[in-house]
Every structure is written in structure tokens, then in C-alpha cells.
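Have a look at the structure below before the remarks.
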2 protein chains.
Amino acid sequence: MKISQLSRRTGVPVASIKYFRREGLLPAGRATAATLAEYGEEHVERLRLIKALTTLGGLSIAATREVLGAVDHAHSTESALGAISYALPVPVAAQPAGGTEEEAQAAASAQAEVAALIGAMGWEAPDTSPHVQGLAAALKELRRLEAGYTPGELAAYAALAESVARLDLERAAPLDDPVALAERAVIVFAICAPVFELLRRLAQEDQVRRRAARTDDAPGC
Amino acid sequence: MKISQLSRRTGVPVASIKYFRREGLLPAGRATAATLAEYGEEHVERLRLIKALTTLGGLSIAATREVLGAVDHAHSTESALGAISYALPVPVAAQPAGGTEEEAQAAASAQAEVAALIGAMGWEAPDTSPHVQGLAAALKELRRLEAGYTPGELAAYAALAESVARLDLERAAPLDDPVALAERAVIVFAICAPVFELLRRLAQEDQVRRRAARTDDAPGC
DNA sequence: AGTAACTGGATAGTGGCAGTATCTTGTAGG
DNA sequence: CCTACAAGATACTGCCACTATCCAGTTACT
């Protein structure tokens with residue numbers, strides 16, 4: 001298959017295919033001559049995955065490269081899952097850290113809060129995990145906005161998150177071929193996050209509507 | 001307070017403050033002379049919120065403007081919650097829709113799937129809701145990637161999402177002043193989504209670790 | 001009154017990202 | 001041999017979120 005056919009099959013412009021190849025997201029075709037290369041089904045597949053990660057998952061090109069790299073170097077299924085999880089961008093950008101005394105104290109207390117939560121949930125996570133860092137940063141900022149979680153609230157959310165993660169793993173688990181599993185895992189981890197977010201919004205919408213109905217119907221009660 | 005003091009108080013460069021004002025995110029100060037304006041605590045507060053939405057919530061300037069507009073025009077608490085929810089960006093970009101016959105069919109079946117889910121959950125949501133649209137688009141794409149949900153899985157996720165939404169509303173509910181509630185709601189809706197996402201990742205990380213331990217320790221079982 | 005420092009506002013410029021277009025050289029097939 | 005297309009390198013574009021510069025007006029201080 002030549003590049004123009006690959007383009008027609010996937011709906012991705014030729015120039016973009018070349019761009020993805022340049023950026024290391026797509027392997028080069030098998031060269032048959034100095035100015036000719038052959039592409040296969042795996043390229044179609046890979047392009048689909050790239051499109052899904054960038055448009056559905058909202059990943060940047062750089063993040064997509066990381067994630068695909070983790071997929072490709074998936075020796076064992078578990079290491080692949082871990083690598084993918086770490087390669088996904090953390091949705092919280094750490095603040096530049098003012099350097100103030102209280103700043104540092106707030107950061108420390110947020111970290112302690114995260115550690116306490118992890119302990120309470122019986123989870124295992126190294127302090128170096130980007131998720132731990134990101135969570136601490138987010139909690140610190142929320143506290144500053146006077147919208148911090150109580151430990152109880154946080155634990156409640158964490159319990160629900162654990163249930164969601166269990167479902168995620170079940171969805172990813174059935175496959176045993178490392179590559180297939182890695183691809184599935186990418187989809188489940190990266191793209192199903194937006195799906196859950198949408199479900200949550202729908203549920204919020206419904207809750208708001210109920211709340212509105214309650215206060216309208218029975219304003220005095 | 002002059003603009004330079006506002007800048008020092010918040011850590012936001014003067015040029016950025018001017019930019020936010022230009023973009024309609026920050027109201028102008030009270031002009032005391034042709035080249036002099038007075039800023040107050042509400043500006044400090046608003047800047048904090050802007051920073052939180054853009055860096056923590058990952059919102060674009062345009063989305064932030066939408067959301068803040070919803071906060072400002074919060075007549076009743078419920079309308080504010082709804083407006084904010086709709087103003088938040090949907091994390092799934094709809095595909096350009098190929099126009100093929102099967103494309104259209106896939107889109108229709110995804111929409112039916114969403115409608116069925118909403119019915120099964122007893123939720124109420126108009127078809128025009130951006131969340132409904134986005135969810136249908138995401139499900140369609142996942143099906144195309146051969147990673148679609150079974151109705152049971154989707155329902156399980158939806159049930160968990162409902163629990164999360166209930167917690168969200170509880171966190172937002174205690175306040176009754178519309179403006180305070182709107183600000184709180186923005187934070188809960190926009191910024192706590194990343195927090196939950198991080199919790200989920202942590203839980204996934206733990207689950208993966210457990211799975212790895214299981215297969216390592218008892219490879220034959 | 002004079003002047004340095006600062007202010008608000010308008011306008012233009014910067015850097016990064018995600019492509020898109022152009023150009024050169026090299027086949028392939030009739 | 002000639003036309004059409006292929007591959008790869010390089011340059012360009014549009015958008016976004018700032019950032020810098022410029023100008024005229026104001027203030028504080030001497």
C-alpha cells in the first residue's frame with residue numbers, strides 16, 4: 001500500500017501522515033526503492049489509534065508519542081500497563097511554587113494528606129509517581145481556594161475511584177497478547193476517562209434538575 | 001489597589017492581568033482618573049479563580065470566559081449550576097463525520113445506546129445536551145476501535161458516575177448565596193474532575209501492581 | 001513648577017503547537 | 001522518453017496564550 005492509499009483508507013491527509021512519521025508516532029513503511037515505500041495494515045491500525053488518542057483522548061503529539069512508545073516496548077503485560085499509565089499526561093499542572101514559607105508548608109501538608117489517603121485505602125504507590133505529585137498539587141491549590149476536601153470526602157471519592165479502576169482493569173484484562181493488551185489498555189485508560197467524565201456530567205445534570213424540582217415544588221419544606 | 005499591587009498580591013504579571021481584562025475574564029477596575037483605576041479584593045479573588053480554571057482545570061481562555069459568564073449571570077442557584085455545567089468544555093471532539101452510510105448508522109446506534117442508558121438510569125437529559133452528544137460520539141469511536149462497552153459495563157460505570165455526582169452536589173450544596181455557590185460549583189465541577197481522574201489513576205496503578213503480584217507469585221494457578 | 005516614576009490602554013510581537021504546502025529528487029508505467 | 005506520482009526535507013500557516021513596547025495622563029516629591 002502506498003502512502004496515498006493509506007491516506008484514503010484512513011481519511012488522514014498525506015501531509016499529516018508524513019508529520020506523524022517525522023514525529024515518531026508512526027513507523028516508516030518498508031522501503032522498496034529510494035522513493036517508494038510499502039505500508040501495511042499495521043499502519044492503518046496505528047493511525048486509527050493515533051487519531052483516537054489525539055482527538056478523543058485529547059493527548060498532545062508529545063504525549064501520544066510517549067504512550068505509543070510504552071505500547072511498543074511492552075515486554076510484559078504489567079509493565080506495559082504501568083508504563084502507559086505513567087506516560088499519560090497528568091491533568092494538573094504543578095504551580096511554579098512561590099517559594100514562600102507558607103507555600104512550602106501547604107505543599108508539605110498536601111503531600112501528607114495524599115500519603116494518609118493512600119495508606120487508608122491500602123494502596124501502594126511510590127512518592128515519585130506523577131499521580132501522587134499531581135494529586136498533592138491539586139489538593140494544595142484547592143485548599144488555597146477554600147474548597148478543600150475533608151478527609152472523609154476524599155476517602156469517599158477514592159473508594160469510588162477504586163471501583164472504577166476495578167472495572168477498567170476488567171475491561172483491559174481479558175487479552176493476553178502483550179501488544180493487543182497494550183493497545184486495549186491505552187484505549188481504556190486514555191479514552192474512557194473522557195467517557196466517565198461525560199457520564200459524571202450527565203449525572204450531575206440530572207442531580208441539578210432534581211434539586212431544582214425539589215426546591216420549586218416544596219419551597220417551604 | 002493599583003494594578004501593580006494586584007499583580008504582586010496574586011503573582012500574575014501586569015501584562016497578563018491586562019490580557020485577562022481585554023478578554024473579558026476580569027472586570028475593569030473602578031476608574032479614578034483617565035489613567036488610574038482602583039482594584040479590590042474581588043479582583044484578587046477573580047484572578048485566583050481564573051488561574052485555577054486555566055492551570056488546574058485545563059480550561060482555555062475562551063472556555064474560562066464562558067464559565068465565568070455563567071457564574072456572573074447566576075440568577076438562581078440551579079440555573080447557575082446548569083449553565084456552568086454546559087459551559088465547561090466537552091472533553092470529546094466530535095469527528096468530522098465521514099458521511100458514509102455505515103458512518104451514519106454507527107452514529108445513530110451510538111445515540112440509541114446513550115438514550116437507552118439514560119432511560120435505564122432514570123436520568124433526564126435533553127438530546128441537545130452537549131454531554132449526550134459527546135457521549136454518543138465517544139461510544140461510536142470506541143466501537144470503531146473494537147473497544148466498545150457492553151451495556152452492562154456502561155451501566156456499571158454510569159452507576160458509579162451517579163455516586164460521584166451525588167458527592168459533587170453535596171460538596172456544592174451547602175452554600176446558598178448564588179455567587180458563592182456558583183464559584184464553589186465551578187471549582188467542584190471543573191477542578192475536581194482532574195482530582196478524580198488522578199484518584200482513578202492511583203487506583204489503577206495499585207490494581208496493576210496487585211495483578212502483577214498475583215501472576216508472579218502464583219504463575220501456575 | 002519640574003521631574004522621575006508610575007498608570008491605564010492600545011498595539012504589536014513572541015514562542016509553541018499541530019498541522020499544511022512547497023520543493024527536489026527519484027522512480028514507474030505506457 | 002515523458003507524464004504522473006512517490007518519498008523526504010524544509011518552510012510556511014493559523015491559532016493560542018501570553019509578553020513587550022509605546023504613548024499619553026497622573027502622582028509624589030522637591
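Keep in mind it's a predicted model, so treat the numbers as computed, not measured. Letters A, B, ... are given to chains in the order of the sequence lines, protein chains preceding strands, and every chain is numbered from 1.
Relative to the side chain of Lys51(A), the nucleotides dA24(D), dG19(C), dG8(D) differ in distance, and dG19(C) lies closest. The side chain of Leu36(A) lies closest to dA28(C) when the candidates are dT7(C), dC18(D), dA28(C). Among the nucleotides dG25(D), dA18(C), dC18(D), the one closest to the side chain of Ile61(B) is dC18(D).
For Tyr39(B) and dC6(C), the OH to P distance is 17 Å, given to the nearest whole Å. Between the CD atom of Glu38(A) and the C1' atom of dC5(D) there is a distance of 15 Å, rounded to whole Å. Between Arg65(A) atom CZ and dG19(C) atom C1' the separation is 14 Å, expressed in whole Å. Rounded to an integer number of Å, the gap from CD1 of Ile3(B) to P of dA10(C) is 12 Å. The separation between Leu59(B) atom CG and dC18(D) atom P is 12 Å, rounded to whole Å. Atom P of nucleotide dT27(C) and atom NZ of Lys2(A) are separated by 13 Å, given to the nearest angstrom.
Using a 4.0 Å heavy-atom distance criterion, Thr54(A) is classed as making no nucleic acid contact.
Residues from residues 11-31 of chain B that place a heavy atom under 4.0 Å from any atom of DNA chain C, listed by number: Lys18(B), Arg21(B), Arg22(B).
At dA6(D), one or more side-chain N or O atoms of Ser4(A) fall inside 4.0 Å of OP1 or OP2 (strictly under the cut-off).
Ring-plane geometry between Phe196(B) and Phe196(A) is classed as parallel, the angle between the planes falling under 30 degrees on a 0 to 90 degree scale with a further cut at 60.
Comment: Arg166(B) engages Glu162(B) in a salt bridge, judged by a side-chain N to carboxylate O separation of less than 4.0 angstrom. Of the charged side-chain nitrogens involved, at least one lies within less than 4.0 Å of a carboxylate oxygen, so that Asp72(A) and Arg46(A) count as a salt-bridged pair.
Tyr86(A) and Glu205(B) are linked by a side-chain donor-acceptor pair at a separation below 3.5 angstrom, with hydrogens and angles left out of the test.
In this structure, Arg30(B) is not positioned above the aromatic face of Tyr39(B) in the sense of NZ or CZ being under 6.0 Å from the six-membered ring centre and within 45° of the axis.
When each of Thr32(B) and Ser60(B) is assigned the nucleotide of DNA chain D with its nearest heavy atom, Ser60(B) is the one assigned upstream, toward the 5' end. Mapped onto DNA chain C by nearest heavy atom, Ala34(A) and Met1(B) fall at different nucleotides, with Met1(B) at the one closer to the 5' end.
Counting heavy atoms from C-beta on, the side chains of Leu145(B) and Glu183(A) never come closer than 4.5 Å.
No side-chain donor-acceptor contact under 3.5 Å links Ser7(B) to the backbone of Ile3(B).
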